[in-house]
Amino acid sequence: MAETIKLMQGNEACTMGALAAGLQFYAGYPITPSTEIAEMCSEELPKGGGKFIQMEDEIGSIAACIGASLTGKKSMTATSGPGFSLMQECIGYASLCEIPVVIVNCQRMGPSTGMPTSPAQGDVMQARWGTHGDHSVIVLAPGNVKECFELTFKAFELSEKYRVPTFVLTDEVIGHMREKVVMPDPKSYKMPQRAQPSTPAGYKPFEADPDGGVPLMAPFGKGYRWHCTGLFHDETGGPTGKPAKADALLRRLDRKITKNIDEFTDYFAEGLEGCDVAVVSFGSSAMAALSAVRRARKEGKRVGMLRLKTLWPFPDAAVRKLTASAKKIIVPEMNLGQVALEVERVVHGSAEVVKLGKVNGELFHPDEVYAALKEAF
Amino acid sequence: MRVEFRLSGSGGQGLLLAGITLAEAAIYAGKNAVQTQSYGPEARGGSSKAEVVISDEEIDYPKATDPDFLLALTNDAYKTYGPMMAKGLIITDTSVTLDPAIKARTVALPILSSAAEKVGKKVVANMVALGVLGGLSGVAPKEILKKAVVARVPKGTDELNVKALEVGLELAAQSGAASK
């Protein structure tokens with residue numbers, strides 16, 4: 001099979017990306033606007049010997065995915081804000097126990113039940129800090145249907161490689177939008193493989209280089225005997241209360257992500273060279289922003305666009321670079337300024353950060369971003 | 001050139017499928033297309049809107065900003081979206097009560113009744129509407145629209161849906177409102 005051209009939906013593309021990466025297990029509880037992912041997994045997974053389970057709720061869903069992942073199966077669930085809230089406890093468990101799992105959060109308007117069929121981007125901070133304690137996660141944000149495929153695939157690569165919960169943060173617009181996608185030949189993708197030990201003899205499940213190393217993960221049920229606990233643990237997996245061991249574990253978990261940040265920092269940039277004003281956005285808001293930026297550029301304005309595809313860890317370096325020329329940075333997002341807070345932290349007063357938050361359940365109109373650009377000049 | 005469509009009516013009328021099929025036909029015709037939707041939390045009923053943007057160039061913003069074509073199958077849809085129309089053409093069902101305060105060029109066509117009477121099934125009104133939009137906009141030729149319909153409708157209903165499409169194309173041709 002070579003390249004194919006398809007009219008594809010964002011949620012469908014997330015599913016295709018997961019399947020291309022070797023998804024074998026999906027447990028979920030359907031919720032608008034993510035439901036198409038569960039629907040498609042229920043249809044596609046059994047065809048390739050995979051498993052689909054509809055669980056009683058989202059806590060059960062993430063717990064089942066963690067269990068499946070421990071047996072060596074690539075696992076995913078998809079949800080929206082209310083379900084993502086329920087998953088937080090187990091996300092902490094997966095983070096501390098270094099269990100690979102991918103979660104697609106197709107955001108809708110919140111808090112609470114909110115507006116189920118309306119887009120929002122209010123889960124940026126929740127995705128990073130939703131579970132308690134310092135912990136490591138990776139969050140990717142597709143900006144179109146093609147990227148739903150690419151970044152879900154990438155989420156599996158990163159989750160398996162770094163043994164870390166990895167989230168794909170979309171929204172109702174990206175998830176439900178259909179567009180023309182040129183799908184690459186499936187053979188051109190190299191399926192991610194989890195690093196595994198070669199023998200049970202002397203296996204220590206959490207033994208790794210203290211400077212951000214990733215331990216080898218033995219699948220449950222294959223002759224390895226190890227303990228997996230949400231208590232702080234030492235290299236053997238047994239619980240420990242020793243301050244030095246606890247400190248070493250948490251610092252290693254943090255370091256394994258921050259050390260490799262360049263590998264998964266990804267963004268789209270246009271016209272940033274020498275720009276007076278920069279626009280930083282992500283997901284569907286960035287589509288309106290790009291349209292406005294292009295219009296302003298046609299009128300001769302020196303304005304550039306930075307669309308973040310990696311949200312966490314936050315791409316500090318890419319944002320800091322903007323201040324080389326930009327005096328103002330506009331941040332359109334469908335929340336009250338969550339990414340803007342990070343931009344403010346990074347630029348640290350060397351450029352003015354303009355929060356452009358939209359929280360009425362509707363996508364930005366390009367005119368709204370354009371008006372903010374006009375005001376900035 | 002960017003051509004924008006807004007298809008509006010009530011949930012269950014199949015406007016989303018009509019939008020998807022229109023977008024797919026455009027792709028078959030070698031163009032770029034993006035389809036989006038908005039709908040209420042109801043399982044059926046409520047208001048429903050699908051939008052399609054078709055262009056020879058890259059489409060950066062996926063929603064309709066100044067539609068070239070508004071399809072309004074219900075009074076509510078007409079009243080909600082009609083007043084926003086600037087340059088484009090409004091296509092209503094003949095059952096919709098027209099409002100003289102809505103100034104945009106408007107053509108009323110018997111979309112719902114043609115589905116029931118000429119095709120024999122009310123549920124294919126969406127494909128009649130697709131024929132009307134395809135015919136009036138000229139974004140894809142008849143054969144390509146047909147191919148897109150057959151690819152998207154449930155198996156075994158091809159004939160019925162293609163007939164509905166043809167009825168829609170005929171309504172468009174007779175309306176005298178086709179794009180030049």
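Proteins get letters first, then strands, A, B, ... in listed order; numbering begins at 1 in each.
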Under 4.0 Å between a Lys/Arg side-chain N and an Asp/Glu carboxylate O for B:E58 and A:R294?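 Between A:R294 and B:E58 there is a salt bridge, with a charged N closer than 4.0 Å to a carboxylate O.
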
[atom1] ([X]) with more than 12 external heavy atoms under 6.0 Å:
| X | atom1 | answer |
| --- | --- | --- |
| A:Y29 | OH | no |
| A:K298 | NZ | no |
| A:E273 | CD | no |
| A:E375 | CD | no |
| A:L336 | CG | no |
| A:Y267 | OH | no |

Let me know if B:T65 has heavy atoms under 4.5 Å from chain A in its side chain, its backbone, both or neither.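 It is both, since atoms from each part get that close.
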
Using non-hydrogen atoms only, which part of B:L16 is less than 4.5 Å away from chain A: side chain, backbone, both, or neither?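 Contact with chain A involves the side chain of B:L16 alone.
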
Side chain from CB out, backbone as N, CA, C, O: work out which of these in A:E362 comes under 4.5 Å of a heavy atom of chain B, or both, or neither.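 Neither; nothing under 4.5 Å.
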
Working to the nearest 0.5 angstrom, can you tell me the gap between [X] [atom1] and [Y] [atom2]?
| X | Y | atom1 | atom2 | value |
| --- | --- | --- | --- | --- |
| B:K63 | A:S291 | NZ | OG | 14.0 Å |
| A:M287 | B:T36 | CE | OG1 | 8.5 Å |
| B:N32 | A:L7 | CG | CG | 11.0 Å |
| A:M305 | B:D60 | CE | CG | 10.0 Å |

Are the side chains of A:M177 and B:Q37 in contact, using a 4.5 Å heavy-atom criterion?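 The answer is no, as the side chains (C-beta and beyond) never meet within the 4.5 Å cut-off.
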
Compare all side-chain heavy atoms of A:L363 with those of B:Y61 and state whether any distance is below 4.5 angstrom.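 Yes. Closest side-chain heavy atoms under 4.5 Å.
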
How close do B:Y39 and A:T32 get, heavy atom to heavy atom, and via which atoms?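 That would be OH-CG2, 3.5 Å.
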
Winner by heavy-atom pair count (cut-off under 4.5 Å) against chain B, out of A:A288, A:A289, A:P116: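 Of the options given, most contacts go to A:A288.
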
Contact leader toward chain B among A:Q9, A:K180, A:E179, where contacts are heavy-atom pairs under 4.5 Å: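 If we count pairs closer than 4.5 Å to chain B, A:K180 comes out on top.
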
